[in-house]
Amino acid sequence: MLKSLRLFALLLVFSAAASAFTLEEFQFDSPGQEAEFRELISKLRCLVCQNESLEGSQADLAQDLREEVYGMMREGKSKEEILVFLTDRYGDFVLYDPPLKPSTYVLWFGPFVLIGIAAFFMVRSLVRSRAGPPSSLSESEQERLQQLLDTPPGGEDKPL
């Protein structure tokens with residue numbers, strides 16, 4: 001138990017140190033510039049981690065991209081110029097909110113198409129299960145079955 005607590009405390013210390021690693025090395029002229037930098041890197045996806053933004057990623061490539069974004073901001077480039085540069089270099093994948101265009105239709109509409117296909121098959125399955133199994137008895141067999149069901153117990157027995 002004590003070993004587990006030590007390990008947990010050690011993990012907490014290292015995780016706190018790792019999260020502090022990301023942005024402290026950058027120096028900004030104003031808090032507004034820092035906020036703009038944070039906003040910009042939060043819109044960009046880490047190309048290695050894929051589900052993390054550049055702001056939160058610990059990958060070396062993410063650190064390189066943060067430094068590149070920082071350098072472009074220091075050169076006086078606007079957010080749009082930086083985003084255009086990065087999308088030209090890495091494609092729309094680098095953006096968390098990619099633009100709507102033919103090459104991103106699958107990304108935007110693909111999940112809805114898949115949900116629609118799944119709903120179609122689910123409804124079709126439900127309709128088929130409510131209809132019941134198809135009757136395999138002939139008309140004369142169904143009449144004979146109905147007669148047997150209508151005959152009270154202990155009543156007249158007829159040979160099948």
Atom pair [atom1]/[atom2] of [X] and [Y] - distance to nearest 0.5 Å:
X: Leu40; Y: Glu55; atom1: CG; atom2: CD; result: 10.5 Å
X: Gln142; Y: Ser136; atom1: CD; atom2: OG; result: 9.0 Å
X: Met72; Y: Glu75; atom1: CE; atom2: CD; result: 8.0 Å
X: Glu36; Y: Phe28; atom1: CD; atom2: CZ; result: 9.5 Å
X: Ile41; Y: Cys46; atom1: CD1; atom2: SG; result: 11.5 Å
X: Leu61; Y: Cys49; atom1: CG; atom2: SG; result: 9.0 Å

- Query: Going through the checks in order, is the side chain to side chain contact (heavy atoms under 4.5 Å, CB included) test met by Leu137 and Leu145?
  - Reply: CA-CA 9 Å; Leu137 300 176; Leu145 178 62; 3.9 Å; yes

- Between Tyr70 and Phe26, what is the ring plane arrangement, given parallel below 30°, perpendicular above 60°, and tilted in between? tilted

A side-chain contact here means heavy atoms from C-beta on lying under 4.5 Å apart; do [X] and [Y] qualify?
X: Gln27; Y: Arg74; answer: no
X: Asp92; Y: Leu107; answer: no
X: Lys43; Y: Tyr96; answer: no
X: Gln147; Y: Asp150; answer: no

Listing, residues 79-88 side-chain donor-acceptor contacts under 3.5 Å, not counting sequence neighbours, or none:
unit_1: Lys79; atom_1: NZ; unit_2: Glu39; atom_2: OE1; d: 3.2
unit_1: Lys79; atom_1: NZ; unit_2: Glu39; atom_2: OE2; d: 3.2
unit_1: Glu81; atom_1: OE1; unit_2: Ser78; atom_2: N; d: 2.8
unit_1: Thr87; atom_1: OG1; unit_2: Leu83; atom_2: O; d: 2.9
unit_1: Thr87; atom_1: OG1; unit_2: Val84; atom_2: O; d: 3.1

- Does the Arg45 side chain pair with the main chain of Phe93, one donor and one acceptor, at a distance under 3.5 Å? yes

- Query: Is it true that a side-chain atom of Ser129 and a backbone atom of Leu126 form a donor plus acceptor pair closer than 3.5 Å?
  - Reply: yes

- Message: Check for me, please, whether Phe120 and Val113 land in the same ILVMFWY cluster - side-chain distances under 4.5 Å, paths through other members count.
- Response: yes

- Query: side chain to side chain contact (heavy atoms under 4.5 Å, CB included) between Arg130 and Val127: does it pass, once the steps are laid out?
  - Reply: CA-CA 5 Å; Arg130 284 188 178 188; Val127 167; 6.0 Å; no

